[in-house]
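Since the structure comes first, as structure tokens, the remarks are kept for the end.
Any value given below was found using the heavy atoms of this structure, including those in side chains, with hydrogens, waters and symmetry copies removed. Everything numeric in this text was worked out from a predicted model, so none of it was measured.
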Amino acid sequence: MTQFNETELTTAVIRSFDQTPDPRAKFLLQELVKSLHDYVRRTDLIFEEWDHAIGFLTRTGQKCTDIRQEFILLSDVLGVSMLVDAVNHRDRDGATETTVLGPFYVGEHKVTPHGTDISASLPGERMFVQSRVTDLDGKPLANVPVDVWHADDDGFYDSQKPSYATEGPSSRARFITDADGRFFFRTIVPCSYPIPTDGPVGQMITQTNRHPMRPAHVHFLVNAKGYEPLITHVFVEGDKYIDSDVVFGVKDELIAKVERRTDPVMPDGQRSDGPWSLMTYEFHVKPGGGMAPAPLGTKVSEDA
């Protein structure tokens, strides 16, 4: 008879999953049991600490809504999101580096004409973004949907604001690359910002004396048919948090110089009302299939 003591208990729980029909599910569950049980033994976990952990996870779930995923935020600040990303993209073959999706992709981006100011109603220094999508050989890819989104000048995403439900999106859009693989738009220069600190994840960051800041960046999701989806950020060079991103998402290749310009005319020939900045970045995607992952609880159309 199995003795449910400190060591034999683990073996018994692992064996309880032996009849799991799906081999991958069986493997994942048994490895999870091994890791959790080992953690309990190594830390001499006490009842009060385990109760606190359960309460923390309960509050994390209660903080989730249709437009906010606190569990994704928890995964991000523990570095798990970036680790999952890393093990799934070990060999880039020259493709642009990936990074986390983040909790503020809402899967509702509207196709928008090139040159549109996606932050027209917002204050901030104006920025022109010009980009191009190619394959690994530099061949331009046409008709590729590219979703973009970023925080405003106060460090908030549109979906964090009460006005989102009635006024709709801002600083987010979907562009379709032209025959030369290019797309361009106007917006504002993003700023560094804190992750939400009004929930259990933010409280954990504060209590452990970690800062909650992310360096300034623009999100991009490139979803070319016949190629691996590319989820990434382009970071603003020189941001003070570039070396201490709270979600560990920065990679050297993804840092772009944002040039301050005073030219009276922007790259698309339209006049500027004053000083502006220029962000230029080229994305390279590798052959493959599949859809880009959607945030939990969000449905994305098949042509997304």
Item to check | His233 side chain near Lys251 side chain, heavy-atom distance below 4.5 Å | outcome: no

Next on the checklist: Looking at Thr208 and Ile205, would you say the former's side chain and the latter's main chain have a donor-acceptor pair under 3.5 Å?
Outcome noted: yes

Checklist entry - Does the pair Lys286/Asp135 count as a salt bridge with the N-to-O cut at 4.0 Å? => result no

Next on the checklist: So for atom CZ, which belongs to Phe184, do other residues, nucleotides or ligands contribute more than 12 heavy atoms lying within a distance under 6.0 Å?
Outcome noted: yes

Item to check | Residue pair Thr10, Arg41: steps toward the side chain to side chain donor-acceptor pair (under 3.5 Å) verdict | outcome: CA-CA 11 Å; Thr10 301; Arg41 279 189 291 268; 2.8 Å; yes

Item to check | NZ/NE/NH1/NH2 to OD/OE distance under 4.0 Å, Lys34 and Asp38 | outcome: no

Checklist outcome for this item: Closest non-hydrogen contact found for Ser170 with Leu122 is OG-CD1, 4.1 Å

Checklist entry - Does some side-chain heavy atom of Val234 sit less than 4.5 Å from a side-chain heavy atom of Leu254? => result no

Checklist outcome for this item: Interatomic distance, CD@Glu97 vs CD@Glu253, rounded to 0.5 Å, equals 5.0 Å

Checklist entry - Atom CZ in Phe56, atom CG in Asp51: separation rounded to 0.5 Å? => result 14.0 Å

Next on the checklist: Name the residue from Ile72, Asp66, Thr65 that meets the side-chain contact (heavy atoms from CB on, under 4.5 Å) definition with Gln69.
Outcome noted: Ile72

Item to check | Distance (rounded to the nearest 0.5 Å) between Asp147 CG and Asn223 CG | outcome: 8.0 Å

Next on the checklist: Check the orientation of Tyr193 and Tyr157. Use parallel for under 30°, tilted for 30 to 60°, and perpendicular for over 60°.
Outcome noted: perpendicular

Next on the checklist: Could you tell me if the side chain of Thr112 sits less than 4.5 Å from the side chain of Phe185, heavy atoms only?
Outcome noted: no

Checklist entry - If you measure only the distance, is there a donor-acceptor pair under 3.5 Å linking the side chains of Ser81 and Ser75? => result yes

Next on the checklist: Between Arg24 and Asp22 (salt bridge meaning N to carboxylate O under 4.0 Å), is one present in this structure?
Outcome noted: no

Item to check | Spacing of CD belonging to Gln270 relative to CG belonging to Asp273, to within rounding of 0.5 Å | outcome: 11.0 Å

Next on the checklist: Is there a salt bridge (Lys or Arg N to Asp or Glu O under 4.0 Å) between Asp263 and Arg261? Walk through the geometry before answering.
Outcome noted: CA-CA 6 Å; Asp263 313 35; Arg261 306 291 286 267; 3.2 Å; yes

Checklist entry - What are the two closest non-hydrogen atoms of Val106 and Ser159, and how far apart are they? => result CG1-CB, 4.0 Å

Checklist entry - If you group Ile, Leu, Val, Met, Phe, Trp and Tyr by side-chain heavy-atom gaps below 4.5 Å, do Val33 and Leu28 land in one group? => result no

Item to check | Nearest atoms (heavy-atom pairs only) where Val129 meets Ser131 | outcome: CG1-OG, 3.8 Å

Item to check | Side chain to side chain, Pro200 and Lys63, heavy atoms closer than 4.5 Å | outcome: yes

Next on the checklist: Applying salt bridge (Lys or Arg N to Asp or Glu O under 4.0 Å) to Asp180 and Arg182, what does each step give before you reach the verdict?
Outcome noted: CA-CA 5 Å; Asp180 196 35; Arg182 300 184 186 277; 2.7 Å; yes

Checklist entry - Looking at NE2 of His52 and CG of Leu57, how far apart are the two atoms once the value is rounded to the nearest 0.5 Å? => result 9.5 Å

Item to check | Derivation of the side-chain contact (heavy atoms from CB on, under 4.5 Å) call for Asp243 and Val250 | outcome: CA-CA 8 Å; Asp243 294 321; Val250 180; over 6 Å; no

Checklist entry - Same cluster or not: are Val80 and Leu74 linked, directly or through other Ile, Leu, Val, Met, Phe, Trp or Tyr residues, by side-chain heavy atoms under 4.5 angstrom apart? => result yes

Checklist entry - Can you list the steps and then say if Asp117 with Arg126 is a salt bridge (Lys or Arg N to Asp or Glu O under 4.0 Å)? => result CA-CA 9 Å; Asp117 187 343; Arg126 310 324 290 180; 2.8 Å; yes

Item to check | Lys161/Asp152 salt bridge by N-O under 4.0 Å criterion | outcome: yes

Checklist entry - Is Tyr105 close to His219 at the side-chain level, that is, under 4.5 Å between some pair of heavy atoms? => result no

Next on the checklist: Run Thr232 and Thr96 through side chain to side chain donor-acceptor pair (under 3.5 Å) and show every step you take.
Outcome noted: CA-CA 8 Å; Thr232 195; Thr96 299; over 6 Å; no

Next on the checklist: Can you classify the ring geometry of His211 versus Tyr241 as parallel (below 30°), tilted (30 to 60°) or perpendicular (above 60°)?
Outcome noted: tilted

Item to check | Polar contact flag, side-chain donor to acceptor under 3.5 angstrom, Asp85-Thr98 | outcome: yes

Next on the checklist: Hydrogens and angles aside, do Thr134 and His284 bring a side-chain donor and acceptor to less than 3.5 Å of each other?
Outcome noted: yes

Next on the checklist: With a 4.5 Å cut-off on side-chain heavy atoms, are Leu221 and Leu101 touching?
Outcome noted: yes

Item to check | Nearest non-hydrogen partners of Arg214 and Asp245, listed with the distance | outcome: NH2-OD2, 2.7 Å

Next on the checklist: Are Ile242 and Met127 connected into the same hydrophobic cluster when the rule is that any two of I, L, V, M, F, W, Y join if their side-chain heavy atoms are below 4.5 Å apart?
Outcome noted: yes

Checklist entry - CD1/Ile195 to CZ/Phe104 distance, rounded to the nearest 0.5 angstrom? => result 9.0 Å

Next on the checklist: Within the structure provided, determine whether His217 and His150 are in side-chain contact (heavy-atom separation under 4.5 Å).
Outcome noted: no

Item to check | Modelled atom types, side-chain donor and acceptor of Asp198 and Gln203, under 3.5 Å | outcome: no

Checklist entry - Side chains of Thr20 and Gln30: does their closest heavy-atom pair fall under 4.5 Å? => result no

Checklist entry - Hey, is Lys257 close enough to Glu237 for a salt bridge, meaning N to O under 4.0 Å? => result no

Checklist entry - Is Phe128 reachable from Phe235 through a run of I, L, V, M, F, W or Y residues, each pair having side-chain heavy atoms under 4.5 Å apart? => result no

Item to check | ILVMFWY network linking Val201 to Leu78, side-chain heavy atoms under 4.5 angstrom | outcome: yes

Next on the checklist: Between Glu125 and Arg260, does any side-chain N to carboxylate O distance fall below 4.0 Å?
Outcome noted: yes

Next on the checklist: Can you see whether Glu70 engages Thr60 through a side-chain donor-acceptor pair at a distance of less than 3.5 angstrom?
Outcome noted: no

Item to check | Closest approach of Thr99 to Gly249 (non-hydrogen atoms, all atoms of both residues) | outcome: OG1-O, 2.9 Å

Checklist entry - Mind checking whether Tyr281 and Phe283 have parallel, tilted or perpendicular rings, split at 30° and 60°? => result tilted

Checklist entry - Cut-off 3.5 Å, side chains only: do Thr177 and Arg132 have a donor facing an acceptor? => result no

Next on the checklist: The test is side-chain contact (heavy atoms from CB on, under 4.5 Å); show your working for Val146 and Phe220 and say whether it passes.
Outcome noted: CA-CA 7 Å; Val146 181; Phe220 292 87; 4.1 Å; yes

Checklist entry - Checking side-chain contact (heavy atoms from CB on, under 4.5 Å) for the pair Tyr227/Leu141: CA distance, chi angles, key distance, verdict? => result CA-CA 10 Å; Tyr227 294 82; Leu141 299 179; 3.6 Å; yes

Checklist entry - Which heavy-atom pair separates Val236 from Pro190 by the least distance, and what is that distance? => result CG2-CG, 4.1 Å

Checklist entry - Stepwise, does the side-chain contact (heavy atoms from CB on, under 4.5 Å) test hold for Leu278 with Gln130? => result CA-CA 8 Å; Leu278 176 65; Gln130 56 183 14; 3.9 Å; yes

